[in-house]
Amino acid sequence: KFKTRMALLIRAVLPLLFACLANTKKVFSDTANQCIHNIVRNTSPTQVLPPLIEYSSHKHEKIRARVIDCIRTCLDIFSLAELEESGVMGNLGPVIVAAMSDSNPEVRLLGRNSFVRLEILSPEHANHVSESLDSSSRRQLA
């Protein structure tokens, strides 16, 4: 029952926090970023990854950058078993590929960092991701 309520709360709060990221006032965007990272660190991947994946293709570059950074954090703190149990491990590859070919250099850098984390966590998944990269993205990883 608690997990269900938490998932609903996360679904309600994350869009508001992501909207604050797009705010030009640094105090709002920094606080929202800290809140999002605290949610990521203190919530199961089952609850936090689906909304992150949903926002990974947002039109605002700051939001895309923070989302891929949160995905990198998930790859840092959660085990492979936890990520696979969440049921979204297969969706992380396309998100990382999209980030690595984003128009924004910060998003591309965070996408490459996420790929490196994925490679450490699961070389098999990273291999599938690298196969779907274009040649210029592969060169940037080398």
Side-chain angles (χ1 to χ4, degrees), residues 1-123 125-130 132-142:
K1 192 172 183 178
F2 176 74
K3 286 184 178 182
T4 305
R5 287 185 181 172
M6 197 62 190
L8 291 173
L9 181 64
I10 289 168
R11 287 268 181 197
V13 169
L14 278 181
L16 299 172
L17 292 172
F18 283 130
C20 287
L21 286 176
N23 194 317
T24 56
K25 295 192 190 290
K26 189 165 171 53
V27 68
F28 290 128
S29 61
D30 286 351
T31 304
N33 192 37
Q34 289 173 349
C35 288
I36 292 168
H37 274 282
N38 282 329
I39 289 170
V40 167
R41 286 187 195 100
N42 296 298
T43 311
S44 74
T46 307
Q47 295 171 337
V48 78
L49 278 172
L52 288 176
I53 290 170
E54 187 178 313
Y55 272 88
S56 67
S57 59
H58 196 276
K59 66 180 181 176
H60 199 282
E61 60 192 30
K62 275 188 178 178
I63 293 174
R64 290 193 313 272
R66 297 292 59 92
V67 166
I68 195 66
D69 190 37
C70 287
I71 289 173
R72 184 195 52 80
T73 300
C74 288
L75 293 170
D76 279 342
I77 62 175
F78 298 122
S79 70
L80 180 59
E82 289 174 308
L83 290 169
E84 286 178 337
E85 184 181 302
S86 72
V88 296
M89 190 67 176
N91 296 337
L92 290 180
V95 169
I96 292 171
V97 168
M100 290 172 63
S101 59
D102 196 271
S103 60
N104 182 285
E106 181 185 8
V107 177
R108 287 195 306 268
L109 175 65
L110 291 167
R112 289 191 298 274
N113 291 344
S114 296
F115 177 82
V116 169
R117 301 290 188 204
L118 180 64
E119 197 171 35
I120 292 167
L121 184 67
S122 173
H125 283 95
N127 188 35
H128 290 297
V129 170
S130 67
S132 63
L133 292 172
D134 59 24
S135 60
S136 65
S137 295
R138 269 192 224 134
R139 271 183 272 143
Q140 289 177 348
L141 288 174

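Keep in mind that this is a model prediction, so the values were computed, not measured.
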*Could you go through the side chain to side chain contact (heavy atoms under 4.5 Å, CB included) check for Leu83 and Leu49 one step at a time?*
CA-CA 9 Å; Leu83 290 169; Leu49 278 172; 3.5 Å; yes
_Quick test of your reading: applying ring pair (Phe, Tyr, Trp, His ring centres under 6.0 Å), list the pairs with at least one residue in residues 41-60, sequence neighbours left out, ordered by first then second residue._
Phe18-Tyr55, Tyr55-His58
At their closest point, which heavy atom of [X] faces which heavy atom of [Y], and how far apart are they?
| X | Y | result |
| --- | --- | --- |
| Val67 | Ser56 | CG1-CA, 3.7 Å |
| Phe115 | Ala126 | CE1-O, 3.3 Å |
| Val88 | Pro50 | CG1-CG, 4.1 Å |
| Ala65 | Ile68 | O-CG2, 3.3 Å |
| Ser29 | Leu21 | O-CD2, 3.5 Å |

Between [X] (side chain only) and [Y] (backbone N and O only), is there a donor and an acceptor less than 3.5 Å apart?
| X | Y | answer |
| --- | --- | --- |
| Ser114 | Leu110 | yes |
| Thr43 | Val40 | no |
| Glu82 | Ser79 | yes |

*Is there any side-chain hydrogen bond (donor to acceptor under 3.5 Å, both in side chains) pair reaching into residues 84-101, and which pairs are they, with sequence neighbours excluded?*
none
Working to the nearest 0.5 Å, report the span between [atom1] of [X] and [atom2] of [Y].
| X | Y | atom1 | atom2 | result |
| --- | --- | --- | --- | --- |
| Cys74 | Arg41 | SG | CZ | 10.0 Å |
| Ile63 | Ser57 | CD1 | OG | 11.0 Å |
| Ile36 | Cys20 | CD1 | SG | 8.5 Å |
| Lys26 | Thr31 | NZ | OG1 | 10.0 Å |
| Leu92 | Ile71 | CG | CD1 | 6.0 Å |

*Report the C-alpha distance between Ser44 and Phe78 in whole Å, list the side-chain angles of each, state the deciding distance to 0.1 Å, and finish with yes or no for side chain to side chain contact (heavy atoms under 4.5 Å, CB included).*
CA-CA 8 Å; Ser44 74; Phe78 298 122; 5.7 Å; no
*side chain to side chain contact (heavy atoms under 4.5 Å, CB included) partner of Leu75, chosen from Ile120, Ile96, Leu80*: Ile96
Less than 4.0 Å between a side-chain N and a carboxylate O, is that true for [Y] and [X]?
| X | Y | result |
| --- | --- | --- |
| Arg108 | Asp102 | no |
| Arg112 | Glu119 | no |
| Arg66 | Glu106 | yes |

*Show your working on side chain to side chain contact (heavy atoms under 4.5 Å, CB included) between Arg64 and Ser103 and close with a plain yes or no.*
CA-CA 11 Å; Arg64 290 193 313 272; Ser103 60; 4.0 Å; yes
*Go through Asp69 and His37 one step at a time and tell me if the side chain to side chain contact (heavy atoms under 4.5 Å, CB included) criterion holds.*
CA-CA 9 Å; Asp69 190 37; His37 274 282; 3.1 Å; yes
*Within a strict 4.5 Å, meaning less than it, do heavy atoms of the Asn113 and Met100 side chains meet?*
no
